[in-house]
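Here is the structure we will look at.
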There are 2 protein chains.
Amino acid sequence: MIQLNDKKYTCPIDFSLSFIDGKWKILILSHLHYCSNRSYSDFCNNLPGVSEKMLSQQLKELERDKLIIKTILSKKPYRVEYALTEFGKTLTPLYQFLSDWGIQYLKQNGIDYIKDQHLYK
Amino acid sequence: MIQLNDKKYTCPIDFSLSFIDGKWKILILSHLHYCSNRSYSDFCNNLPGVSEKMLSQQLKELERDKLIIKTILSKKPYRVEYALTEFGKTLTPLYQFLSDWGIQYLKQNGIDYIKDQHLYK
DNA sequence: TGAGTGACCTACTTTTTGGTAAGTTATTTT
DNA sequence: AAAATAACTTACCAAAAAGTAGGTCACTCA
């Protein structure tokens with residue numbers, strides 16, 4: 001049993017998971033991995049199905065955990081930008097693996113995501 | 001939007017996640033990765049905090065998704081054994097990455113899991 | 001013979017999660 | 001001047017997930 005900041009983890013994997021479980025988290029992170037800088041509404045428009053409630057909740061937690069950083073571009077008309085931190089980038093192999101793994105499975109089931117990517121919005 | 005077996009996925013990552021999200025799934029899989037063959041009670045004893053209800057539920061889903069396979073060792077005194085399938089083994093980079101990533105983070109926070117592993121049950 | 005073990009299942013309840021829809025502030029566009 | 005956009009927040013509620021505690025069947029061990 002590993003203990004850190006009042007929380008307990010059964011093993012390192014359990015610990016790692018604590019950063020990334022939560023609906024939308026990996027999707028948000030990988031989105032940033034592929035697009036680097038995104039606004040709040042970029043997420044709204046590109047993650048089909050997220051409610052704003054969930055989105056801001058997850059963004060807040062990711063920020064708290066230092067995986068992403070929010071930059072305030074302007075205050076008067078409030079504009080922001082989200083990006084992966086260096087720490088968030090250390091999860092790159094994860095984004096890549098999950099993507100590759102999924103693509104390969106799909107291919108074996110007759111869906112060529114790479115080839116048909118233009119079909120997907 | 002990707003469609004497969006009546007379900008929709010926003011991207012390959014979303015699709016991959018559908019196999020592994022669910023409390024305990026990654027933990028069960030990685031457990032099998034490190035120990036190869038495990039009985040039902042092995043899981044009970046080595047995943048601190050799982051309820052039997054959750055355990056059998058997750059095992060069932062993992063089996064359905066062909067990530068693990070259950071072998072019935074004997075019927076009369078009912079004994080079984082769980083193991084990763086070849087397909088389940090294709091997730092090996094995931095188990096490894098999540099483990100390494102966690103260990104490294106912990107180390108940077110003053111917890112040397114490798115060195116202190118004997119302390120953890 | 002009675003207790004314990006292994007591999008579960010089931011009903012019931014509680015907790016957590018997530019959806020819905022509306023509201024806020026300040027600006028830009030029409 | 002009205003509508004739309006950006007970036008959120010909030011309250012309320014339904015649904016889903018997970019905990020609890022019990023039960024089953026068939027051994028095996030003391």
Side-chain angles (χ1 to χ4, degrees), chain A residues 1 6-10 14 17-29 31-32 35-65 68-84, chain B residues 1 6-10 14 17-29 31-32 35-65 68-84:
Chain A
M1 199 64 79
D6 299 333
K7 298 217 166 175
K8 292 178 183 189
Y9 308 94
T10 70
D14 187 26
L17 290 175
S18 70
F19 285 88
I20 54 176
D21 59 8
K23 217 182 172 181
W24 304 106
K25 274 192 190 169
I26 292 185
L27 252 31
I28 290 170
L29 290 169
H31 203 89
L32 286 172
C35 304
S36 58
N37 287 57
R38 304 259 92 184
S39 68
Y40 182 83
S41 56
D42 285 336
F43 289 117
C44 283
N45 298 328
N46 291 291
L47 299 176
V50 223
S51 67
E52 301 204 24
K53 180 191 160 193
M54 275 297 101
L55 179 58
S56 51
Q57 197 176 100
Q58 303 294 295
L59 286 171
K60 217 167 276 179
E61 289 181 23
L62 289 168
E63 210 193 336
R64 178 202 62 195
D65 293 341
I68 66 173
I69 189 167
K70 172 164 97 174
T71 306
I72 296 174
L73 299 178
S74 83
K75 275 224 162 189
K76 341 222 263 151
Y78 189 57
R79 291 302 125 85
V80 302
E81 197 172 77
Y82 293 92
L84 290 177
Chain B
M1 199 62 81
D6 299 334
K7 298 218 168 176
K8 292 176 183 188
Y9 308 94
T10 70
D14 187 27
L17 291 174
S18 71
F19 286 87
I20 54 177
D21 58 8
K23 216 180 171 181
W24 303 106
K25 274 192 190 169
I26 293 185
L27 252 32
I28 290 171
L29 290 169
H31 203 90
L32 286 172
C35 304
S36 61
N37 288 56
R38 305 258 91 184
S39 69
Y40 182 83
S41 56
D42 284 336
F43 289 117
C44 283
N45 298 328
N46 291 290
L47 299 175
V50 223
S51 69
E52 301 204 25
K53 180 193 161 194
M54 276 297 101
L55 180 58
S56 51
Q57 198 176 100
Q58 304 294 297
L59 285 170
K60 215 166 278 178
E61 290 182 22
L62 289 168
E63 210 192 336
R64 178 202 63 195
D65 293 340
I68 66 173
I69 189 167
K70 172 163 98 174
T71 307
I72 296 173
L73 299 179
S74 83
K75 276 225 163 193
K76 341 222 265 155
Y78 189 57
R79 291 301 126 86
V80 302
E81 195 172 79
Y82 292 92
L84 290 177

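Note on naming: letters A, B, ... go to the chains in the order of the sequence lines (proteins, then strands), and numbering restarts at 1 for each one.
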Inset, instruction - Measure the shortest side-chain to side-chain distance between A:L32 and A:F43 over non-hydrogen atoms and say whether it is less than 4.5 angstrom. - result: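 A side-chain contact under 4.5 Å exists here.
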Legend entry - 4.5 Å side-chain heavy-atom contact, A:L47 and B:T10: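 Answer no - side chains too far apart.
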List the atom pairs, donor and acceptor, that lie under 3.5 Å between side-chain atoms in residues 56-65 of chain B and the rest of the protein, sequence neighbours left out.
| unit_1 | atom_1 | unit_2 | atom_2 | d |
| --- | --- | --- | --- | --- |
| B:S56 | OG | B:E52 | O | 3.1 |
| B:S56 | OG | B:K53 | O | 3.4 |
| B:E61 | OE1 | B:K25 | NZ | 2.7 |

Inset, instruction - State whether the side chain of B:S39 and the backbone N or O of B:D42 hold a donor-acceptor pair below 3.5 Å, judged by distance alone. - result: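 Checked: pair present.
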Legend entry - Base-contact (B) and sugar-phosphate-only (S) positions in nucleotides 5-23 of chain D, heavy-atom cut-off under 4.0 Å, - elsewhere: -SSBB-B------BBB---
Within this structure, what is the [atom1]-to-[atom2] distance between [X] and [N], rounded to whole angstrom?
X     : N      : atom1 : atom2 : result
B:K76 : C:dG6  : NZ    : C1'   : 17 Å
A:E61 : C:dG18 : CD    : C1'   : 13 Å
B:E63 : C:dC8  : CD    : C1'   : 13 Å
B:D21 : C:dT17 : CG    : P     : 14 Å

Legend entry - Option passing side chain to side chain contact (heavy atoms under 4.5 Å, CB included) with B:H31 (candidates B:N46, B:I26, B:L84):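 Of B:N46, B:I26, B:L84, side chain to side chain contact (heavy atoms under 4.5 Å, CB included) with B:H31 is met by B:N46 alone.
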Would you be so kind as to tabulate the donor-acceptor pairs closer than 3.5 Å made by side chains of residues 71-79 of chain A, with sequence neighbours excluded?
| unit_1 | atom_1 | unit_2 | atom_2 | d |
| --- | --- | --- | --- | --- |
| A:S74 | OG | A:P77 | O | 2.3 |

